[in-house]
Each structure stands twice: as C-alpha cells, then as structure tokens.
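Structure, as structure tokens:
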Number of protein chains: 2
Amino acid sequence: MDSPLVPFGPPPTERADAARNREVLLCTARAMIAELGADQVTMDALAERAGLGKGTVFRRFGTRAGIFRALLDAEEQRFQCQVLSGPPPLGPGADPVDRLIAYGRARTRFLLERHEIARAAFERKGPVPPAVGPNFSRPHIRMLLGQAALGLPDPDTLSLQLASALEGPPLLFLVADLPPGGESAGCGENDLGALLADGWQTLVERVARR
Amino acid sequence: MDSPLVPFGPPPTERADAARNREVLLCTARAMIAELGADQVTMDALAERAGLGKGTVFRRFGTRAGIFRALLDAEEQRFQCQVLSGPPPLGPGADPVDRLIAYGRARTRFLLERHEIARAAFERKGPVPPAVGPNFSRPHIRMLLGQAALGLPDPDTLSLQLASALEGPPLLFLVADLPPGGESAGCGENDLGALLADGWQTLVERVARR
DNA sequence: CGCCGAAACGGGGTAAAGTCCGTTTACGTC
DNA sequence: GACGTAAACGGACTTTACCCCGTTTCGGCG
C-alpha cells in the first residue's frame, strides 16, 4: 500500500527521463574531462555529445559550475561518510587533535586528486558555492577544535582561517601547473601532497600545543 | 644630455596617447565601480563611457581582470612600501613575530577595504594572477618566519599555508555579503576585520611559541 | 485506452569576453 | 616641414555562458 490517499507535498520523484538524462550528462562530462580537460567542456559541446539540447543541460545543472559541483558531490559524500562515521583516526573515536591531523591529510589528498574539477566548480560570480571550499571543512574543524578544549579565544574565526590554510593551497593558490594525471599515487610524482600534509600537521600541532 | 647616440633597447617610453588613454580608462573604471559596482563594469561599457574602442581597452589591460589588477597595483605598491620600509612594527626593526602579527592585521584591513576589486582581479582560468593572492604575502611571511628562527621543519610550505589562512577569508571564502561601503572605519560596522585580525594573531602566537 | 496537466525538452537569442586586421596617429629623422 | 615606420586605435567578428518560450513527453486518472 504505497499510494496514499493524500499524497503530501510534491512527488519527490524525478521524472524518469530527467534522471536518465542527468546520468547521461554526468557520464559524458566525465568522459570529456578525462579526454580533453575540464576547460574544454563547453555547454554546447557537452549537450551535443550527449545528444541533448543545450537547454536541458542548463535545466539540470543551472550553471556550468553546477556540472562540476554535481560531479564532486558524489565523491564528496563518500569522503564525508568516512569522516563522520569511518574508522579512527579520521572517523570518530580518536583524540580530537589526531583527528584534525588525519582530516587535513585526507582532505589535502582528496582535493589534489580532484583539483581540476574542484576548481571548475567555482562560480565566477556570487559567493563560494556549496559543496566546494571550506563549507564542510570549516564546521568539522570547528567541532574538533571545540572537543580538544584548547584555550582558544575565538574558535569560530580560527576554524575559518584553518580551513582556508588547508584548502586554499590545493584549490586556489597553487594551481598553476599541477600535472593533469589525477589519481596515481605511484612514483612519488607529487610529493606536493606530502609537503602540504606535513605542513598542516605542523600547523595543527603548534596550534594545539598547550 | 639625454639623447644617447646609441639608443639601447626599445624606447622605454610609452607613447603619449597610450599613457593618457590608460589614465582615462583607469579613472573611468574607478568611477563605474563606485557608481555601479565592480561586476557591472563590462568591457564594452567601459570603452564606450571612456570614449574609446574596445580593442584599446584590451590592448592596455589584456583581460578584464587586468583592469582590476592595474587598479590594485597602485595601492598595493603603497602598502608594500609601508611593509618594506615603513616604521615598525609593520616595517623593519621590530621583532619578527611582532612584525608577522602587524602584517596580518594590516593586510586583513587592506583586503577587506578592497575586496570587491581584489576579487574581480582574479582570472577565471590560468593560475592566480600576479599582484593578487599570496604572491606578496607568502614571501614576506616566509622571510619573517626565517628571521624568527623557530624550529619549523618546512617554512616554505608553512608560509604558503599561513598566507592562505590570511588572504583566503577576506578574498574568497567570506565574500558573500560584505557591505559595499568600502573604507569607513567608523561605527564598528565591520568587526569582521577585528575578528580576523585577532584570529591571525592567535594563530601566529601559537605557531611561534617555543 | 485515451486524456490532461505538469514537467522536461530543444534550439534560437542575448550579453559579454576576447581576437583580428585594416586604418590612423605619434614621433624620430632628414 | 614632409616622410616613414612602428605603435596604437577601433569596431566587426567569434566564442561561450546563460535565458526564453513554444513544443514534446511523461505518467497519473477516469
């Protein structure tokens, strides 16, 4: 009995063709990014390659950045799950300072592996988009700072600045010429991740020292 | 005797009309920003209001962001003079840690007062432009970190992260709804500057504690 | 099975950044 | 003062994000 006599609110279901088209577009976008690079993914080209109209693309994602946001969201969700309910020290259970360090290491890696998409997910105007930037990092850092019970005068502001220290370099200030090859963790091609992770750890240890 | 027989290199002088047009464009841009807001300043509108062709605008400044860079450069230069040769604690002569704190306070204020222009000075593609972002802050922080002779393992990376903590919030991560009114320091309308400045001081004091 | 309203689709239209190239102008030289 | 050249100018052209609205399709209901 799943057809209530009083269907409350608008049907939360998306029309079947719409859902299918969303998937088609996301897959096509992923393919084009891998093949041509993120900044070659134009709305026209994406629509044509997906066999859909340009209007459809905008209806689904609102803006160009919206496509990349949607692409990130799936992976971001998995990342957040690990942080919120995974094993320690990243997940709950460990000492807050250790979690802070582990979080920064994981986040650095996550952003570096996806920096091309993450950068493309920024809107050109308006504020920082949801699902990018410190919108998840900041509250998490804020919480751990509170749990650590350091004698910090203004943890709210400090968490913003720490989130910025963490995400600024991989997202914004170091993006000149990272190799496009995404996820390989092989031959030490980017010790950049290690440098940033170690720097973060130093920062956190110094801030947390009582 | 200022006409050498062997004029070395290309004449370093800009043609008179070019220099004049640059000034006209910068003034017009300033007026339009004050009057309409930075994101209403389009290349077409700027050219028309200045009474020049669009090609001229692009010849002078390269990109739209270039205009805002040029606008910032003048003020940035005065700021940098104060840092490099002004009175302590901002200028040389004071304890490095005190200079670091003073620098962050001054920089925060500087960026908040100009955040609209500074934000518009970012290019949408390519790396972070010169004259914006941590391109001045980072080396300065790096130098002071070195002078302070703390036992930091990797001051190069740490200076990047500190620069990001300093500039990220006013430039990028907090830009949702700052009041457009720029420079008034009057009725405490933005204690935001004070919060960020105090947060920076906390951060630096903790990092520098030996 | 056929109807109907709402949602999705499509592609042409607009605005604004950035490019190109033929024309004009500054300015050093004779 | 006339001339030649290199630089600057101007505006038409191209590209791309984003909007609009007439048309089509979905899917629930009688």
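Lettering follows sequence order; numbering is per chain, from 1. Just the heavy atoms: all of them, side chains too, but no hydrogens, waters or symmetry mates, feed the values below. Not measured: the values here are computed from a predicted model.
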In A:L72, A:I117, A:V57, the residue satisfying side chain to side chain contact (heavy atoms under 4.5 Å, CB included) with A:I67 is A:V57
Taken to the nearest whole Å, CG/B:D39 to C1'/C:dA16 is 13 Å
B:F58 atom CZ is separated from D:dT15 atom C1', nearest whole Å, by 12 Å
Open item on the list: Quick check on D:dA8: is either OP1 or OP2 less than 4.0 Å from any side-chain nitrogen or oxygen of B:R20?
Closed with: no
Handout entry: Over 12 foreign heavy atoms within 6.0 Å of CD, A:Q147
Key = yes
Rounded to whole Å, the CD-C1' distance (A:Q40 to D:dT16) equals 12 Å
Residues A:R114 and A:E76 bridged, charged N to O under 4.0 Å | no
- prompt: Would you say B:T56 reaches D:dA8's phosphate, i.e. side-chain N/O to OP1/OP2 under 4.0 Å?
  reply: no
Separation of C:dA16 atom C1' from A:R64 atom CZ, nearest Å, is 16 Å
note: B:D44, atom CG; C:dT19, atom P; distance rounded to Å ~ 14 Å
- Sidechain N-carboxylate O distance under 4.0 Å for A:E14, A:R60: yes
Here the distance between atom C1' of C:dC27 and atom CD of B:E14, to the nearest Å, is 15 Å
Whole-Å distance, B:D17 CG to C:dT23 P, equals 20 Å
query = Hey, what's the ring geometry for A:H140 with A:Y103, parallel, tilted or perpendicular (30° and 60° as the breaks)?
reply = tilted
ask   = Counting any heavy atom closer than 4.0 Å, what does A:A16 reach on the DNA or RNA strands: base, sugar-phosphate only, or nothing?
value = sugar-phosphate
note: B:F61, atom CZ; D:dC9, atom P; distance rounded to Å ~ 11 Å
key: Side-chain N,O (B:R59) to OP1/OP2 (C:dG18) below 4.0 Å   = no
Fill in: Under 4.0 angstrom between B:T42 side-chain N/O and C:dA16 OP1 or OP2
no
Heavy-atom nearest nucleotide on DNA chain C taken for A:K54 and for A:R60; more 5' hit belongs to A:R60
Counting distance alone, no hydrogens or angles: does the base of C:dA7 have a donor or acceptor under 3.5 Å from a partner atom on the side chain of A:R15? yes
